[in-house]
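What follows is a short report on a single structure.
When a ligand or atom number is given, it counts from 1 through the structure's own listing order. The figures here come from the full heavy-atom set of this structure, side chains too, leaving out hydrogens, waters and symmetry mates.
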Amino acid sequence: MRSLDDYRTIVGDHVLYNVYHKAQRLYGKHILHLNSTYQGGGVAEILATLVPLMNDIGIDTGWRILHGNPDFFTITKKFHNALQGQSLNLTKIKKALYTATNENFSVYTHIDHDCVIIHDPQPLPLIKYHKKRQPWVWRCHIDLSNPSSEIWEFLKGFILRYDMVIISNEKYRSEQLPVEQRIIPPAIDPLSPKNMVLSEKDIDKYMQKFGIPRDKPIITQVSRFDKWKDPLGVLEVYKRVKKQVDCRLVLCGSMATDDPEGLLIYEKVLQKANDLVDSKDVILTTVENNILVNVLQRASSVIIQKSTREGFGLTVTEALWKSKPVVASNVGGIPLQIEDGKSGYLLEPRDIGGFADKILYLLDNPEHSKKIGDRGREMVRKNFLITRQVCNYVELLNDIL
Ligand code: UDP
């Protein structure tokens, strides 16, 4: 089990002292994080590291998973999509299944913690079905810049019961919401299997093991098969790049248990990939494996993130940490991480030609690519490592308890 001390050589003494010092008033406090999946997607990724580190500094922190059936997750994925701006037919049945699942779960999970932190919309209504004896915080990881008003009004009924809301970006702040809104950008764990240093020999070994040849430059997008990640758009970009440079495209997307749309989108992408002239150079993988993500990002010449909405975009952070040049959409949390032209490139999501041009430029100019990648890594070191996030949570708990 990792401890905060393991990060000392990366972030320095002051960061650690600051966290230890601020945690003093919270010793023995009992904190609960609750979300809807143990694996897949950014939330599970963050909690897997955050929870052990909070325990390490003396704050008893647990993590529970909401129980839901496939119908529930189909509905909550629709809510997720509507919060990101898609239209939704918000029927009584959908509302009833959503709230009933939370009401049932409240019987299975007893909460006597000092503070409860609920992640994303799936377990949001739980607050209504528990006798509230402590502060409750709603941590929303979604891009809320343009939510459908109907779903927002419905969910607000629950949000108003919370003591605080955490969002990832100033752009997601709702002026009309009276609840205090605090901004905590997500962060990555530089020591996890997904981000740890690997030797060239290991990278070669694992690429072989996963069946991905390194004979041509590789362009990669790591993302769930989700329409907001625009994998079909990535294929369009690749088609243009491939006309000028012989390269491979890897789309790596494991399936999250709380995302029922994954398989459908995967099949659409597979079909479109098979229609390409050199379809063998497009590799789709749904393998859930942290080392695979690590080696893929390290073995790639360019990382693409062509999302049309993006709460934060941990995949961008992970790639920048590996000093990789990233060509990404100028949406959601991505511009917080990339300074256009300096530490990566930002484009409008529809600008297929622009994406292709930047990728071609980076493939042609490896020295400049390296400079851009190194600046990206420094940006992550300063702002988006897990130690900063631990500090943010400690500050929040000090304020709220
Ligand atoms: N991820 C993964 N394997 C995959 C695809 C994604 O481990 O095949 C991880 C990825 O490395 C990142 C997280 O899932 O840590 C995705 O977080 P992000 O914020 O980019 O997007 P989200 O899925 O939360 O919308």
Applying a 4.0 Å heavy-atom criterion (strictly less than), which segment of Val293 is in contact with ligand 1: side chain, backbone, both, or neither?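 Within the 4.0 Å criterion, Val293 contacts ligand 1 through side-chain atoms alone.
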Tell me which part of His141 gets within contact of ligand 1: side chain, backbone, both or neither, using heavy atoms under 4.0 Å.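 Neither part.
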[X] bridged to [Y] by N-O distance under 4.0 Å:
X	Y	answer
Arg182	Glu395	no
Asp163	Lys132	yes
Glu378	Arg375	no
Lys306	Glu236	no
Arg248	Asp215	yes
Asp226	Lys77	yes

So for ligand 1, is [X] a polar contact partner (N or O within less than 3.5 Å, distance only)?
X	value
Gly42	yes
Arg224	yes
Glu288	no
Val43	no

Under 4.0 Å, counting heavy atoms only: does Gly253 come that close to any atom of ligand 1?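 Judged by the 4.0 Å heavy-atom criterion, Gly253 does count as contacting ligand 1.
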Examine ligand 1 and decide if any of its atoms is less than 4.0 Å from a heavy atom belonging to Gln305.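 Gln305 does not count as a contact of ligand 1 under the 4.0 Å cut-off.
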Protein contact of atom 18 (P) of ligand 1 - nearest heavy atom, named by residue and atom, plus distance: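 Of every protein heavy atom, Leu314 N, 3.5 Å lies nearest to atom 18 (P) of ligand 1.
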Name the closest protein heavy atom to atom 7 (O) of ligand 1, giving the residue it belongs to and the distance to 0.1 Å.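 So the nearest neighbour among protein heavy atoms is Lys194 NZ, 2.7 Å.
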Please work out which of the three classes, parallel, tilted or perpendicular, describes the rings of Phe225 and Tyr266, given edges at 30° and 60°.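 Rings of Tyr266 and Phe225: perpendicular, as their planes differ by over 60°.
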Of the choices [options], which has the non-hydrogen atom that lies closest to [atom]?
atom	options	answer
atom 25 (O) of ligand 1	Lys229, Glu318, Gln84, Glu310	Lys229
atom 6 (C) of ligand 1	Leu292, Thr317, Asp189, Val222	Val222
atom 4 (C) of ligand 1	Ser254, Ala44, Ala319, Gly311	Ser254

Whether the Asp374 and Ser323 side chains hold a donor-acceptor pair (N or O, under 3.5 Å, no angle test) is what I'd like checked.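 A donor-acceptor contact under 3.5 Å links the two side chains.
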Could you pull out the closest heavy-atom pair between Met54 and Tyr393, with the gap in Å?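 Heavy-atom minimum between the residues: CE-CB, 3.8 Å.
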Show which atoms of ligand 1 fall inside a sub-4.0 Å distance from at least one heavy-atom site of [X].
X	answer
Glu45	15 (O)
Thr315	10 (C), 12 (C), 20 (O)
Gly313	19 (O), 20 (O)

Quick check on side chain to side chain contact (heavy atoms under 4.5 Å, CB included): which of Ile46, Asn169, Leu336 does Phe312 satisfy it with?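 Passing option: Leu336.
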